[in-house]
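Have a look at the structure below before the remarks.
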Amino acid sequence: MNIPTGYKYTDTDEWVRVEGSLATIGVSDFAQDQLSDVVFVEIAVSVNDTVKKGALLGTIESVKAASDINLPISGKVVEINEALSDSPELVNSDPYGKAWMIKIEMSAPDELNNLMDDKAYTTFCAGREH
Amino acid sequence: MTEPTLFELSAAGRKGVNYPDSDVPLTNLPANLLRKDLPMPELSELDVVRHFTHLSRLNYSIDGGFYPLGSCTMKYNPKINEVTSRLSGFANTHPLQPIETVQGNLALMYQLQDLLKEISGFPGITLQPAAGAHGEFVGVLIMRAYHASRNDAKRVKILIPDSAHGTNPATSSMVGMEVAPIPSDARGNVDLVALKAACDDTLAGLMLTNPNTLGLFDENVLEVVRIVHEAGGLVYGDGANLNALLGIVRPGDLGIDVMHFNLHKTFSTPHGGGGPGSGPVGVAAHLVDFLPAPIIEIIEPGSEEMAPLYGFKTPSKTIGRIKSFQGHFGMLVRAYTYILMHGPDGLRKVSEYAVLNANYLLSKIRSTYHLPYDRVCMHEFVVEGFWPDVHDVHALDVAKRLMDYNFHPPTNYFPLIVKEALMIEPTETESKQTLDEFADVMVKIAREAREDPQLLKEAPHNTPVGRLDEVKAARDLVLCCWVPEGE
Amino acid sequence: MFIPHTDQETREMLEAVGVKNLAELFTAIPEKYRFPKLQLPPAMTEMEILAEMENIAEANESTKDLVCFLGAGAYNHYSPAAVDMLLRRGEFYTAYTPYQPEISQGTLQVIFEYQSLVTALTGMEASNASHYDGATSAAEAVILAYQNFRGKRNKIILSPSLNPQYTATIRTYTQGHGSLIILGADARPDGSPEDLVQYLDDDTALVIVQYPDFLGRLYDYSALIAKAHEVGALVAVAVNPLALALFKTPGDMGADIVVGEGQPLGLPLSYGGPYLGIFATRKEFIRKISGRLVGETTDSRGNRAYVLTLTAREQHIRREKASSNICTNQGLLALAATIYMSLLGKNGLKKVAELNFHKAHYAAEQISQIPGYSVATAAPFFNEFVVTCPHPADEVAAHLLEHGILGGYELANDYQGMDNQLLVAVTEMNSKDEIDLLCEVLAEVNHD
């Protein structure tokens with residue numbers, strides 16, 4: 001299981017990478033592994049939307065499952081990864097890189113404090129494997 | 001082997017059927033409204049007959065073999081049903097004919113309502129719903145309307161046990177309800193402690209599948225119903241598993257408030273490759289006025305010489321219309337035929353032997369496949385399709401290997417509360433001989449899993465096609481074999 | 001009969017299970033309610049039930065006994081013998097939903113071909129495997145549009161000349177969506193499509209119009225659709241699929257969704273069901289279509305094969321987040337329509353549609369010659385039109401019935417102020433003699 005350091009994680013398997021006030025968001029290696037082959041990614045927000053933590057970011061589908069992606073943090077959407085609509089398999093091959101989903105200008109960076117670091121998330125994932 | 005598509009078989013100028021020329025003077029067609037091209041195939045009648053005959057041979061069917069698909073009640077579909085439903089008086093009546101001209105249809109529907117009332121213990125029946133899921137939708141709409149009529153609109157919570165059918169949550173959402181799950185206890189019954197804790201003044205009701213998807217009859221059903229009613233909620237009964245209960249117990253007698261039937265499961269109307277179904281709904285006395293419109297009633301009583309006049313009635317607080325016309329009438333004719341052929345003793349025998357067959361089959365394979373809830377089952381049972389000592393062989397592999405022995409696999413991966421579930425429903429129409437053969441093959445597959453697991457993982461080997469690339473299907477999304485010109 | 005067990009086998013099986021008798025299998029059932037005595041008629045043999053059912057069927061007067069000019073959503077058409085003969089193959093009708101594609105390629109390819117024929121007929125880009133009927137398809141279009149805008153648009157505009165049963169079904173389906181507002185449906189049905197433009201705004205999710213509409217009229221909805229698109233709304237067109245063999249498609253007009261009643265495609269009238277709900281969309285809505293979809297793929301041996309696809313959207317996986325609870329499709333009816341369209345093909349479909357058109361126009365022309373009667377349908381029409389009678393339409397229809405004629409549908413059933421209006425359908429089944437008889441009897445009513 002790849003859980004890189006320097007990222008923040010949610011208990012619903014989204015990750016956040018922070019550069020200044022900009023947060024990049026995607027889903028974790030654990031999430032893509034649970035879903036297996038991803039066939040579709042739909043982003044439910046648009047550039048310039050003001051979004052709240054916990055709201056729906058999008059949906060991700062494999063042949064076996066469909067899962068909602070939640071916003072881990074509040075702010076304004078500044079960029080959306082258009083490549084995912086044509087190449088959803090990137091979520092499987094490069095979840096922390098090419099499969100980033102949206103970038104947000106954070107409005108409440110304090111919210112980051114409620115997210116897990118890589119160590120906490122590793123423990124969290126270990127508890128869920130059967 | 002691959003059968004060409006209709007479009008690949010097409011040859012320009014070929015005809016499958018001729019129509020007479022017009023016997024009336026022709027009228028000019030409105031030129032600005034005509035379509036340019038009609039890109040449809042051109043085939044002879046024999047082309048068409050061979051094509052669909054070839055395709056039919058690629059299907060597994062009840063007529064062809066044992067189909068123990070749990071929760072689907074794949075019993076034999078008597079051939080006489082296909083004869084009665086096609087009688088000209090039924091097949092050639094228009095749904096909007098004046099009622100005086102369709103008294104046969106209306107009498108049949110009225111009597112079918114009565115038969116279902118007697119079988120289920122519900123005083124009100126609608127025959128309208130088109131399928132089980134449609135019946136569920138109607139049932140939950142009725143529950144919503146009932147609470148609304150009592151100015152109790154805060155009741156929006158529907159409790160759904162984890163052993164309930166998979167459609168229940170989606171149905172509740174369609175009606176704007178909020179869904180809360182309820183766990184099962186160690187014996188596979190609804191967990192009464194969790195149920196009590198979830199009952200408050202926002203409770204709209206509970207959706208109870210009984211027997212549940214583990215094939216178990218809830219031993220505390222009367223207590224479950226009492227708890228929900230005391231909290232002001234209603235109990236929805238998912239009647240998909242009614243094949244276990246004919247003449248055994250009437251859901252209405254247990255205090256269930258509303259329930260759908262599946263005529264295509266319990267009453268032998270064919271599954272048709274995925275439809276049409278038929279999902280009548282029965283309701284307790286306090287819900288009769290909410291039934292969808294129309295229901296069939298006697299509108300002028302008869303006498304010794306005269307039959308009564310049957311017609312339509314709109315219940316006073318009806319939820320409204322839920323589809324066109326009067327339900328899946330053709331399915332109603334089949335179910336009516338089936339019920340009358342069985343009579344009260346025959347129906348009880350159906351359920352007794354459905355339950356005997358399930359328990360017998362279970363007794364033959366339970367030492368080979370782990371049974372997570374060990375009780376006398378009803379018409380179906382759920383075992384685990386994996387073995388701790390066999391690495392990387394799954395229920396799916398067992399299912400696929402069964403096809404090589406010319407059996408349809410059981411339902412797999414449902415219910416979700418059993419790991420690697422195999423849900424097996426033999427039905428009453430299968431002989432001991434068939435059950436013995438199936439059990440022998442199940443035991444043989446368990447042996448193969450240890451001796452030659454690859455045989456299972458690469459199965460099926462003897463079917464018209466091998467395992468399908470479902471990822472490719474979903475990523476490439478080719479849903480149509482016809483490409484518009486210019487693309 | 002249907003339960004094969006011999007007494008000997010039953011004994012052996014009970015012993016294997018470890019119970020003394022069948023009743024012992026049911027101890028989980030509350031004793032008080034166990035084994036109720038059902039008050040049902042005694043069992044009948046096959047011979048007896050057939051005789052009984054023949055009696056019941058003969059109590060009806062069918063469209064074989066009467067001359068039928070009744071339509072209003074279900075139509076009396078000819079279905080070639082091969083359609084029903086193929087439907088009777090047990091391999092088709094005793095199979096279930098093709099969950100196991102390796103042993104269901106027959107059903108899967110049929111649905112794939114059905115989807116292909118429906119897209120070709122409607123001019124759309126994707127079709128599902130079908131819904132229950134035309135009315136529920138229309139309701140599913142409303143759900144699709146509502147979900148498409150994530151509940152942010154709350155207005156649904158229904159044409160007043162949409163089949164009243166579709167409108168009623170939509171009202172029932174949306175009872176749980178308190179914020180949805182239905183507009184337009186209560187206006188007089190004989191207005192024109194432009195009347196709907198006044199309701200359009202940026203809160204509009206969907207407009208539904210019918211083609212031909214409930215009164216039989218054919219409109220080119222291109223302008224209305226363009227105006228709806230200007231405010232970002234979707235448009236669904238409810239069709240009679242047979243009319244599309246001849247006339248401009250909703251796809252050509254720019255429609256987003258096509259719904260329709262598939263019964264005219266070779267399905268028996270069967271007193272209203274089972275029928276076939278057509279549901280097709282433009283490509284961008286594929287993932288929002290509820291119900292089954294079949295896609296092409298390859299198998300492990302490299303062969304072309306078919307499989308249910310996009311199933312992750314469905315109720316058994318998405319549970320309470322699924323947009324619809326539909327599990328099945330109208331499999332056997334989709335098969336019937338597929339066989340019907342294959343047999344008739346390009347030329348046959350066009351020929352039947354033309355026969356309907358010419359006979360209906362001949363009938364309209366003849367009726368309009370009868371003193372006191374007029375044909376109220378000014379727009380072009382296909383096989384159905386409105387006749388204004390000199391007397392209330394129920395009286396006219398009753399008189400026609402005395403002469404063995406189902407004269408049409410009384411519009412007063414659904415609309416106020418249309419007491420004298422009769423909706424008359426004419427199909428390839430109606431001979432010139434039948435049409436002339438209709439006119440003769442209509443003329444008689446006038447003289448009474």
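Because the structure is a prediction, the values reported are computed rather than measured. Residue numbers start from 1 in every chain, and the chains themselves are labelled A, B, ... in the order their sequence lines are given, proteins ahead of strands.
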Taking it one step at a time, do B/T84 and C/E52 satisfy side-chain contact (heavy atoms from CB on, under 4.5 Å)?
-> CA-CA 10 Å; B/T84 57; C/E52 167 80 7; over 6 Å; no

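- C/F357 touches chain B through its side chain: at least one heavy atom from C-beta onward sits under 4.5 Å away, while N, CA, C and O do not.
- More than 12 heavy atoms of other shown residues, nucleotides or ligands fall within 6.0 angstrom of atom CD in B/E118.
- Between the side chain of C/T172 and the backbone N or O of B/R321 there is at least one donor-acceptor pair closer than 3.5 Å.
- In terms of modelled atom types and a separation under 3.5 Å, the side chain of B/H94 and the main chain of C/L269 share no donor-acceptor contact.
- Contacts of C/L244 with chain B are made by both backbone and side-chain atoms, with heavy-atom separations under 4.5 Å.
- Counting only distance, with no hydrogens or angles, the side chain of C/E296 and the backbone of B/V478 share no donor-acceptor pair below 3.5 Å.
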In sequence, state the C-alpha distance, the side-chain angles, and the governing distance for B/N357 and C/H5, and then conclude on side-chain contact (heavy atoms from CB on, under 4.5 Å).
-> CA-CA 10 Å; B/N357 273 2; C/H5 304 62; 2.7 Å; yes

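- C/E102 and B/K400 are joined by a salt bridge, as a carboxylate oxygen and a charged side-chain nitrogen come within less than 4.0 angstrom of each other.
- Ring geometry for B/H134 versus C/Y132: interplanar angle of 30 to 60°, hence tilted.
- For the set C/I29, C/V307, C/I286, C/T136, the count of heavy-atom pairs under 4.5 angstrom toward chain B peaks at C/I29.
- No part of C/R171 comes within reach of chain B, as not one of its non-hydrogen atoms sits under 4.5 angstrom from that chain.
- Minimum heavy-atom separation, B/M331 to C/P274: CE-CG, 4.0 Å.
- The main-chain N or O of C/T94 is never found under 3.5 Å from a side-chain atom of B/N77 such that the two would form a donor-acceptor pair.
- Between chain C and the residues B/G320, B/P276, B/S363, the largest count of heavy-atom pairs under 4.5 Å involves B/P276.
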Could you walk me through whether B/Y353 and C/T10 pass the side-chain hydrogen bond (donor to acceptor under 3.5 Å, both in side chains) test, one step at a time?
-> CA-CA 9 Å; B/Y353 279 83; C/T10 301; 3.1 Å; yes

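- Of all non-hydrogen atoms in B/G466 and C/S300, the two that sit nearest each other are CA-OG, 3.5 Å.
- With a 4.5 angstrom heavy-atom cutoff, C/L406 touches chain B only via side-chain atoms.
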Please walk me through it: do B/V333 and C/Y271 pass side-chain contact (heavy atoms from CB on, under 4.5 Å)?
-> CA-CA 11 Å; B/V333 177; C/Y271 200 51; over 6 Å; no

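- C/N329 touches chain B through backbone and side chain together, each having a heavy atom under 4.5 Å away.
- Of the possible donor and acceptor atoms, one in the side chain of C/T63 sits under 3.5 Å from a partner among the backbone N and O of B/N92.
- Only the backbone of C/T45 comes within contact range of chain B, with heavy atoms under 4.5 Å apart.
- A distance-only check finds no donor-acceptor pair linking the side chain of B/Q97 to the backbone of C/S62 [under 3.5 Å].
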For side-chain contact (heavy atoms from CB on, under 4.5 Å), just list the numbers for C/S104 and B/Y60, CA-CA rounded to whole Å, side-chain angles, deciding distance to a tenth of an Å, and then say yes or no.
-> CA-CA 6 Å; C/S104 310; B/Y60 193 93; 5.8 Å; no

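- The CD1 atom of B/I322 sits 11.5 Å away from the CD atom of C/Q165 when rounded to the nearest 0.5 Å.
- When all heavy atoms of B/S22 and C/H358 are compared, the pair lying nearest together is OG-CB, 4.2 Å.
- Under a 3.5 Å cut-off, the side chain of B/E42 and the backbone N or O of C/K346 do not form any donor-acceptor pair.
- Residues C/R304 and B/T5 have side chains in contact (heavy-atom distance under 4.5 Å, counting atoms from C-beta outward).
- The shortest non-hydrogen separation linking C/P36 to B/G247 is CD-O, 3.6 Å.
- With a threshold of 4.5 angstrom between heavy atoms, C/P41 approaches chain B through its backbone and through its side chain.
- The aromatic rings of B/Y76 and C/F2 sit tilted relative to each other, their planes meeting at an angle between 30° and 60°.
- In this structure, chain B has no heavy atom under 4.5 Å from any part of C/V19.
- Both the backbone and the side chain of C/E54 come within less than 4.5 Å of a heavy atom of chain B.
- With B/N59 contributing its side chain and C/G106 its backbone, the two residues share a donor-acceptor pair below 3.5 Å.
- For chain B, the nearby parts of C/L117 are the backbone and the side chain; heavy atoms of each come within less than 4.5 Å.
- Annotation: C/F26 is not in aromatic contact with B/F217 [ring centroid separation under 6.0 Å not met].
- The two atoms that bring B/F329 and C/S270 nearest to each other are CB-O, 3.4 Å, heavy atoms only.
- Both the backbone and the side chain of C/Q39 have a heavy atom closer than 4.5 Å to some heavy atom of chain B.
- For the residue pair C/L121 and B/R35, the shortest heavy atom distance occurs at O-NH1, 2.8 Å.
- The choice from C/K64, C/K37, C/E354 that makes the most heavy-atom pairs within less than 4.5 Å of chain B is C/K64.
- Contacts between C/M85 and chain B at a heavy-atom distance below 4.5 Å are absent for every atom of the residue.
- By the salt bridge (charged side-chain N to carboxylate O under 4.0 Å, His left out) test, C/R89 pairs with C/E91, sequence neighbours left out.
- Of the inter-residue distances, the one linking B/L29 atom CG with C/F247 atom CZ reads 6.0 Å to the nearest 0.5 angstrom.
- Between the side chain of C/D299 and the backbone N or O of B/V465 there is no donor-acceptor pair closer than 3.5 Å.
- Side-chain contact annotation: C/T297 with B/D469, donor-acceptor N/O pair under 3.5 Å absent.
- Side chain of B/R144 to main chain of C/Q175: a donor-acceptor pair is present (N/O by atom type, distance under 3.5 Å, no hydrogens or angles).
- When C/A245, C/A397, C/A82 are compared by the number of non-hydrogen pairs under 4.5 Å with chain B, C/A245 comes out ahead.
- Heavy-atom distances place both the backbone and the side chain of C/Y78 under 4.5 Å from chain B.
- Heavy atoms closer than 4.5 Å to chain B are found in the side chain of C/D252, but not in its backbone.
- A donor-acceptor pair shorter than 3.5 Å can be found between the side chains of B/T171 and C/N325.
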